[in-house]
Amino acid sequence: MRQTDPDTPLYSIGVVERLTGLTARQIRYYEEVGLLEPARSPGNHRIYSPREVDLLLSIKSLTNQGFNLEGVRVILQQRPTGAPQEGGEPEPDSRSPTLGHPRRLSSLYPVNNREDLQTRLETSLRKAKEENV
DNA sequence: TTTCTAACA
DNA sequence: TGTTAGAA
């Protein structure tokens, strides 16, 4: 009965502010630069789905690690959120969050240690995910 | 009260 | 990014 669909729009921007620790200004700005596109209520208010909250947490994690929004965009394009990929994939390990394949983003990475970066990102994402449950 | 858009510091 | 103005 409980709605578990991660794509169902459920939260107002105010709720998302508390859930993510981001300001409404930041949340709207990330939308402006094309990082996400939340649903809208009849009154034009933004409504965020659990998946978008998760995405926002990923963005927060990445920016906190020194990525600018352009870098965040590139990374998220490689692997958005754990969205169900069309094609009929059974679902191996929905555990693995975002960043799965580091690539040659030399100038985008503020550090040389990609593995460490990836590890830190996955750790924070896993935590956020567990808390979100 | 909360959120929206637009715009300025 | 913060913050404000005026409108839903």
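None of the values given here were measured: they were computed from a predicted structure.
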S.K.: Is it true that a side-chain atom of A:Thr8 and a backbone atom of A:Thr4 form a donor plus acceptor pair closer than 3.5 Å?
M.R.: no

S.K.: In Å, rounded to the nearest 0.5 Å, how long is the span from CG of A:Leu35 to OH of A:Tyr29?
M.R.: 10.0 Å

S.K.: Roughly how far, to the nearest 0.5 Å, is CG of A:Leu69 from OG1 of A:Thr63?
M.R.: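 Atom-to-atom, A:Thr63:OG1 and A:Leu69:CG are 7.0 Å apart.
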
S.K.: Rounded off to whole Å, could you give me the CD-to-P distance for the A:Glu17 and C:dT1 pair?
M.R.: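 Roughly 13 Å, once rounded to whole Å.
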
S.K.: So, OP1 or OP2 of C:dT1: does either fall under 4.0 Å of a side-chain N or O from A:Tyr30?
M.R.: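 Yes, because at least one side-chain N or O of A:Tyr30 sits under 4.0 Å from OP1 or OP2 of C:dT1.
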
S.K.: For the pair A:Lys60 (side chain) and A:Leu22 (backbone), establish whether a donor and an acceptor sit closer than 3.5 Å, ignoring hydrogens and angles.
M.R.: no

S.K.: So how far is it from A:Leu19 CG to A:Leu56 CG, rounded to the nearest 0.5 Å?
M.R.: 9.5 Å

S.K.: Send over the distance from A:Ile47 CD1 to B:dT3 C1', rounded to a whole Å.
M.R.: 12 Å

S.K.: Pick out the pairs of N or O atoms, protein on one side and nucleotides 3-6 of chain C on the other, that lie under 3.5 Å.
M.R.:
{"residue": "C:dT3", "atom": "O4", "partner": "A:Arg25", "partner atom": "NE", "Å": "3.1"}

S.K.: Please give me every residue in residues 36-44 of chain A whose heavy atoms get under 4.0 Å of an atom in DNA chain B, ordered by residue number.
M.R.: A:Arg40, A:Asn44

S.K.: List the steps, then state whether salt bridge (charged side-chain N to carboxylate O under 4.0 Å, His left out) holds for A:Arg28 with A:Glu37.
M.R.: CA-CA 10 Å; A:Arg28 296 193 189 101; A:Glu37 199 163 314; over 6 Å; no

S.K.: For A:Glu31 and B:dT3, what is the distance between atoms CD and P respectively, to the nearest whole Å?
M.R.: 14 Å

S.K.: Rounding to an integer number of Å, can you tell me how far A:Ile13 CD1 sits from B:dT2 P?
M.R.: 13 Å

S.K.: Let me know which of A:Glu32, A:Glu17, A:Glu52 forms a side chain to side chain contact (heavy atoms under 4.5 Å, CB included) with A:Ile27.
M.R.: A:Glu17

S.K.: When rounded to the nearest 0.5 angstrom, what is the spacing between OG in A:Ser58 and CG in A:Leu76?
M.R.: 6.5 Å

S.K.: Starting at OH of A:Tyr29 and ending at C1' of C:dG2, how long is that distance when rounded to a whole Å?
M.R.: 14 Å

S.K.: Is A:Thr23 close enough to C:dT1 that one of its side-chain N or O atoms is under 4.0 Å from OP1 or OP2 there?
M.R.: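 So the side chain of A:Thr23 is outside the cut-off, no N or O lying under 4.0 Å from OP1 or OP2 of C:dT1.
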
S.K.: Specify the residue among A:Leu69 and A:His45 whose closest nucleotide of DNA chain C lies further upstream toward the 5′ end.
M.R.: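 Checking each residue's closest nucleotide, the 5'-ward one belongs to A:Leu69.
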
S.K.: Output yes when at least one side-chain N/O atom of A:Ser12 is less than 4.0 Å from OP1 or OP2 of B:dT2, else no.
M.R.: no

S.K.: Quick one: CG on A:Leu36 to CG on A:Leu55, what's the gap to the nearest 0.5 Å?
M.R.: 5.0 Å

S.K.: Take the protein atom CZ of A:Arg18 and the nucleotide atom C1' of B:dT1, then report the distance between them rounded to whole Å.
M.R.: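 Answer to the nearest Å: 11 Å.
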
